[in-house]
Novice: 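Dropping the structure in here first, questions after.
All ligand and atom numbering here is 1-based and tracks the order in the structure.
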Amino acid sequence: MTYETLLVEIRDHVARVTINRPDKLNALNAKAKSEMKSLFEYLKANDEVFVVVLTGAGEKAFVAGTDIKELTELTTESGRAFSEGGQVIFNLIENLGKPVIAAINGYALGGGLELALACHLRIASENAKFGQPEVNLGIIPGYGGTQRLARLVGKGRAMEMILTGEPIDAQEALRIGLVNRVVPAGELHAVAKAMAQKIISKGQIAIRMALKAINMTHETNLTDGQALEASLFGVCCGTEDFKEGTKAFLEKRTPVFRKR
Ligand code: COA
């Protein structure tokens with residue numbers, strides 16, 4: 001698998017994906033987006049991949065946004081299609097069926113923050129900066145950011161970030177719940193890897209069911225959400241992993257999960 005704008009390494013059930021345009025602060029151009037789409041479709045279908053870690057090349061940026069050069073000619077019609085095209089890719093990530101950890105190593109701006117928001121877990125280095133600066137260009141976030149940011153940090157905070165376009169630093173992102181952890185830059189990849197390994201050690205069917213249930217949080221009411229939870233709980237109870245997990249606990253040993 002070789003890509004022009006992405007680096008991919010699959011090892012020990014972890015796919016590490018690096019957006020690789022460091023000279024443009026990993027801004028997402030059309031090529032990067034189409035390569036991301038085909039790569040994530042591949043990762044979704046690959047049973048050997050349990051967890052994905054997504055990061056940006058270099059020390060300065062995770063992703064500094066969509067490529068502004070490619071925005072200039074958009075019209076009402078093509079702008080809508082442009083937004084929908086990005087949404088499809090980020091929805092694919094959110095619904096991958098396996099956890100995607102964003103290892104945010106610098107600027108996560110515009111489409112870069114929206115990309116991080118589509119991931120399931122976010123670990124930031126101390127130098128990371130987060131913002132939705134689209135209003136500076138006379139547009140709004142178009143890859144799901146108006147929806148996912150408000151759902152994650154609350155409407156008021158999303159309003160402030162999107163209406164002012166002002167970035168926030170990693171500590172503020174941690175305070176408002178935008179990221180799960182902040183770590184020294186030199187430890188970012190080790191922490192992401194350790195989190196991936198922890199998830200990999202669990203029953204993978206349970207992990208998939210948990211993602212599915214939690215992803216529905218904002219799409220359903222409490223009653224329907226709990227009905228889904230109960231049916232996914234039942235699915236887990238029908239697996240060998242469930243038998244093994246409970247048996248291992250009672251026998252005071254580490255479970256050996258087989259993803260079935
Ligand atoms: N689209 C296209 N190119 C981008 C980009 C983007 N979103 N973000 C950065 N780049 C390019 C710059 O044009 C520059 O290219 P050049 O060397 O060919 O001139 C290169 O990446 C380095 O960026 P530069 O601006 O020189 O770095 P900086 O450290 O001075 O500033 C930022 C960093 C992130 C503050 C600044 O690049 C920025 O504001 N980027 C745009 C962020 C944005 O608005 N994103 C939302 C888009 S919808």
Novice: Does the protein put any heavy atom within less than 4.0 Å of atom 10 (N) of ligand 1?
Specialist: yes
Novice: Report yes or no: is the cationic atom of K37 (NZ for Lys, CZ for Arg) under 6.0 Å from the centre of the six-membered ring of Y42, at an angle within 45° of the ring normal?
Specialist: no
Novice: Please state which part of N136 comes within less than 4.0 Å of ligand 1, counting heavy atoms only: side chain, backbone, both or neither.
Specialist: neither
Novice: Is E134 in polar range of ligand 1, meaning some N or O pair under 3.5 Å apart?
Specialist: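 No, since none of the N or O atoms of E134 sits under 3.5 Å from an N or O of ligand 1.
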Novice: Considering both backbone and side-chain atoms of K24, is one of its nitrogen or oxygen atoms within less than 3.5 Å of a nitrogen or oxygen in ligand 1?
Specialist: yes
Novice: With a 4.0 Å cut-off on heavy atoms, does P133 reach ligand 1?
Specialist: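 It does, in that a heavy atom of P133 comes within the 4.0 Å cut-off of ligand 1.
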Novice: Can you tell which part of A64 has a heavy atom less than 4.0 Å from ligand 1: side chain, backbone, both or neither?
Specialist: both
Novice: Taking atom 22 (C) of ligand 1 as the point of reference, which of L25, N29, L28, I68 owns the nearest heavy atom?
Specialist: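 The residue whose heavy atom sits nearest atom 22 (C) of ligand 1 is L25.
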Novice: Between Y107 and ligand 1, is there a nitrogen or oxygen pair with a distance under 3.5 Å?
Specialist: no
Novice: Is the shortest distance from atom 24 (P) of ligand 1 to a protein heavy atom below 4.0 Å?
Specialist: no
Novice: Identify the closest protein heavy atom to atom 29 (O) of ligand 1: which residue and atom is it, and at what distance?
Specialist: K60 NZ, 2.6 Å
Novice: Report yes or no: does K129 have a heavy atom closer than 4.0 Å to ligand 1?
Specialist: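 The answer is no: ligand 1 sits nowhere under 4.0 Å from a heavy atom of K129.
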